[in-house]
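Below: the structure, in structure tokens.
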Amino acid sequence: MIEFKGVKKEYPGGNVALDDFNLRIDRGEFVFVLGHSGAGKSTFLKLILHEEMATEGKIVVNGYDFTRIKNRQIPYMRRSLGVVFQDFRLIPTMTAYENVAFAMRVTNVPERRIRSRVPYVLNLVGLQDRARSYPAEMSGGEQQRIALARALVHSPPIIIADEPTGNIDPELSVEIMELLCAISKVGTTVVVVTHEQELAAQFHQRTVYIDKGRVVSDSCPVPSRPTFLAHGTGEASR
Amino acid sequence: MIEFKGVKKEYPGGNVALDDFNLRIDRGEFVFVLGHSGAGKSTFLKLILHEEMATEGKIVVNGYDFTRIKNRQIPYMRRSLGVVFQDFRLIPTMTAYENVAFAMRVTNVPERRIRSRVPYVLNLVGLQDRARSYPAEMSGGEQQRIALARALVHSPPIIIADEPTGNIDPELSVEIMELLCAISKVGTTVVVVTHEQELAAQFHQRTVYIDKGRVVSDSCPVPSRPTFLAHGTGEASR
Amino acid sequence: MSISGFRYLTKQGLSNIARNKLMSFASIGVLTACLVITGVAALMSLNVGKFVDYLGAQNKVIVYLKLDADDATIESAKQAIGGVPNILSSTYVSKEDALNETKSWISGYDNGAYANVLDGYEGDNNPLYASFRVTVDDLSKIKDTVAELAKLPGVDFVDAPSDLAGTLVSLKRAVNIGGWGLVAVLAAVSLVVIHNTIRITVFARRKEINIMKFVGATNGFIRLPFLVEGTAIGLISAALAFGVVSGAYIGVLEAVSRAGTGWLSSLYFTIVDYNSVWSLLLGVFLVSGALIGGVGSAASIRRHLKV
Amino acid sequence: MSISGFRYLTKQGLSNIARNKLMSFASIGVLTACLVITGVAALMSLNVGKFVDYLGAQNKVIVYLKLDADDATIESAKQAIGGVPNILSSTYVSKEDALNETKSWISGYDNGAYANVLDGYEGDNNPLYASFRVTVDDLSKIKDTVAELAKLPGVDFVDAPSDLAGTLVSLKRAVNIGGWGLVAVLAAVSLVVIHNTIRITVFARRKEINIMKFVGATNGFIRLPFLVEGTAIGLISAALAFGVVSGAYIGVLEAVSRAGTGWLSSLYFTIVDYNSVWSLLLGVFLVSGALIGGVGSAASIRRHLKV
Ligand SMILES: Nc1ncnc2c1ncn2[C@@H]1O[C@H](COP(=O)(O)OP(=O)(O)OP(=O)(O)O)[C@@H](O)[C@H]1O
Ligand SMILES: Nc1ncnc2c1ncn2[C@@H]1O[C@H](COP(=O)(O)OP(=O)(O)OP(=O)(O)O)[C@@H](O)[C@H]1O
Ligand SMILES: [Mg+2]
Ligand SMILES: [Mg+2]
């Protein structure tokens, strides 16, 4: 699903954000990516998204080999990703509803389906009442959850979340993580970048540590079935 | 220093973010403000900053009574505040150095003083190497720390931080909190909005809970001298 | 793209106009201003051209008939002149007419000091030629026309105001080049202005465009609302500019027609009629407004689509 | 504000131009275009005005002296005419000159048919008047001038081309009103365009302005760099526009001077000389560029300062 082989990313200024970066994430996996501020976590995501291009190495996302991808294929590659950006990236001139619906519109989903799916997803992140609000009229946590709703709405095979709980209180954070876990159980690949180690620790999933642009540790999940799952799935299908 | 009396804030759309909000924060206090997403925490800060105006009630900040403050006094009131915004609000066309220096320039600090003070503060947040970077060239956590440096640089009597560790890993978060604690010990009022209850709990300081726009709990700090302080002061004066 | 998607994007583009009020206003202002300038320049150019034509028409070519021309010769000459191309009208001036004209003209000089100089030249003594006063259509071809006229039966010689004709031809050419040159320059300047305005407008919204790309929108999907928005702004501007230019032009026409006496009122008949230009003006405005607005903004987002 | 603060803000404003390359380019493009338009319109207006003046100067007022005027009377009349205001030049035409002129003129008519009509009127028989041909300065005051000339000693009567004068006066008035009206309209349109461009430019940077306010910057502190930036952009545009207009004007002057023969080359002497306008043009460009750019952008940020 996602494969990085010997990837190096050097920014124009000379900053090397990733160096000999190797990682393989398979279909249906749930992976936490941890690391200090400036370790290269967001750069990793930006490379997956083809927002930045690798200086060296090979990246394959959902079958698209980035050394060979054509410009006109990029939108289709991106549609296979649901991304929660660290800075949200909501369109300021669209309401919450429109921001979420937009991710479906680009794939030509019929209007009828959009009208039933968007409220459902807004409900999932607890923002059914804020559908008509513009991003500037929402709190930080609300914006973050809209960004999450947008990432989920078109049921992409891969969901990538950069600090999805950075602006959200602990209870809600756990709820959201449970939601993501539940989604991964039905075959969606989920990559969560977070600095909240304790939150990650609660979920006993594969955890990748990045430091200075390299993968320094890649621990496998605890084999036992985690306790939260019964509750988690309940949340997701509510 | 900061006084809210019966404050109500209703946003144009009809959202009531604060209702009968009462709080008094004295000089030199260190206060955590906790609350769910959308509770009204950022609104509280926006009111202090005169970014939004109260619908009802009385607000006094640093001696400026907002019911009577004149437009041309507002910049001077704001200079007595050092604010870390939830969305950072760095000026995209300025380097990290310039963004930080800017808070001193507006108060006509001599260039010589700026040249010695800015690197010192950048060092304090661990970003001495990134002085020449533009915000878009920095990671989320780095931007957040630049915002913190800007809030500290002109030694304002009040420092207000909205989720200052939302994008920062746990160790660094503790360091930054310790830094803020140390600053409050020398007479600066510090208000920290955060959703990381556990982080706040480590510091045994006054904690205000906001829920649905009201103060629902206001717990006093544990009287005993906290253990982190020796270490914390050391960090701050490094 | 599906029809509902197309409908959605079109609606999106139109509602963007209302959403980006400040920028829509500003863009419409700029585009309208530029169209007005170009339109006014074009109308001025048209009118000056027509005025020069009018001056040209005032100048007659005189076809002198042989002194012994009888009525039959005159008639056949008249027919022949009618067959020559590039001729607008011709008037016959008999020997008697010519003498009377000359007399009245001479008696006007120096308070009638020479009023009687021509007494006794009437009738068969009349030394003057009968002639046709001919106005030509296209002054630039006057040489050929004169040559043809000179060859006609019964014609003695042809007197053409060749110097004046040359002057008028070059004046008209200068006015044409100058006038339409001005229109071209103003149109080019307007294009520069509009292009830059659209670039800034799009620049102000680059973040929005960027985000759409990251959500997986194709370039076409992002471009269409901009195309619709730009086209609508172009059409609105065209309508406004048409209103302004038409209003001003009708105002000038009225002012001139009311000017009453003198030189100004004589201008009235040389002014290009509003009825004969409005449809062209409106058409050109609408087409160029739509093209500039739509294509301009769709093209301007290109650099922001490269992510 | 301290001097170092002022220096900093000025530097800031200037470096913003480099930083906001796209917007600076676009603004300079728009401002230059508008200045060029207005400048070209002003030069055209000046030239048409001067051309009309030239036409006016071609028309002479003829002051006829009494038939029996002797040399002394002629001399004193000459002096007296020199003392009349609003007169550009006067040329003496003696009785003999007048007769010769008339003769050559009449002999040119109808192939010299009347060439000998005036034989025998020479010397003391000469019925023509000696005269002064006078050109007036300001045609609109020609009536007063003629009246004054008529009262001079030795003057019999004054022949003024009053109709033509009237026409030229109204033509000149029309050209003046039309020309400067055009300049005013183009200047106004340019202002609209520039104002809107600046508004969009500032709008694109509203976030930056906003943040500065929240850090405690006074309005003046935020405005100054915009003022400097706008002024610099204005001055750059003024310099560019001056270059373009000057280049074009000099080009036209050369083309006309090389036109060789005919009507066009005769225009050369009526064209306003480049040396007499460049300093005014440059001055007006620089001042208006700086004002529009500086004041315009400083004023445009007002709405964004209200936080
Ligand atoms: N400009 C606005 N217009 C309308 N409603 C607003 C606006 N800003 C905030 N709100 C609403 O007011 C409420 C309080 O918002 P606020 O930003 O103060 O929350 P918060 O406590 O900071 O939340 P978070 O932890 O998610 O940042 C929320 O419901 C939010 O949607
Ligand atoms: N556009 C850029 N130009 C130059 N350097 C950059 C750019 N973007 C990121 N960097 C640098 O690359 C390094 C990695 O950045 P990245 O955003 O990947 O960090 P991160 O792990 O996401 O950190 P955080 O947890 O603070 O968000 C940092 O040192 C950052 O300053
Ligand atoms: Mg990051
Ligand atoms: Mg908030």
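Throughout, protein chains are lettered first and strands after them, A, B, ... in sequence-line order, and every chain is numbered starting at 1.
- Looking at B:E98, the atoms closer than 4.5 Å to chain D (heavy atoms on both sides) all sit in the side chain, from C-beta outward.
- Both the backbone and the side chain of D:F214 come within contact range of chain B, each with at least one heavy atom under 4.5 Å from a heavy atom of that chain.
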Set out, in order, the CA-CA distance, both residues' side-chain angles and the distance that settles salt bridge (Lys or Arg N to Asp or Glu O under 4.0 Å) for B:E3 and B:K58, then state yes or no. CA-CA 8 Å; B:E3 194 178 358; B:K58 184 179 172 182; 5.8 Å; no
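- Per-residue heavy-atom pair counts under 4.5 Å with chain B were compared for D:I222, D:V215, D:I211, D:N16, and the maximum is reached by D:I211.
- When each of B:R89, B:R105, B:R79 is checked for heavy-atom pairs under 4.5 Å with chain D, B:R105 comes out on top.
- Taking B:V83, B:I91, B:L81, B:T93 one by one and counting their heavy-atom pairs under 4.5 Å with chain D, the maximum is reached by B:T93.
- Using a 4.5 Å heavy-atom cutoff, the side chains of B:R113 and B:S116 are in contact.
- The side-chain heavy atoms of B:T189 and B:I159, taken from C-beta on, include no pair separated by under 4.5 Å.
- Aromatic ring orientation, B:F66 versus B:H50: perpendicular (interplanar angle above 60°, classes split at 30° and 60°).
- When heavy atoms are compared at a cutoff of 4.5 Å, B:Y134 approaches chain D solely by way of its side chain, counted from C-beta outward.
- B:I183 places a side-chain heavy atom less than 4.5 Å from the side chain of B:L152.
- If you tally non-hydrogen atom pairs under 4.5 Å between each of B:R150, B:R72, B:E111 and chain D, the highest count goes to B:R150.
- Ring planes of B:F21 and B:F44: tilted class, angle from 30 to 60°.
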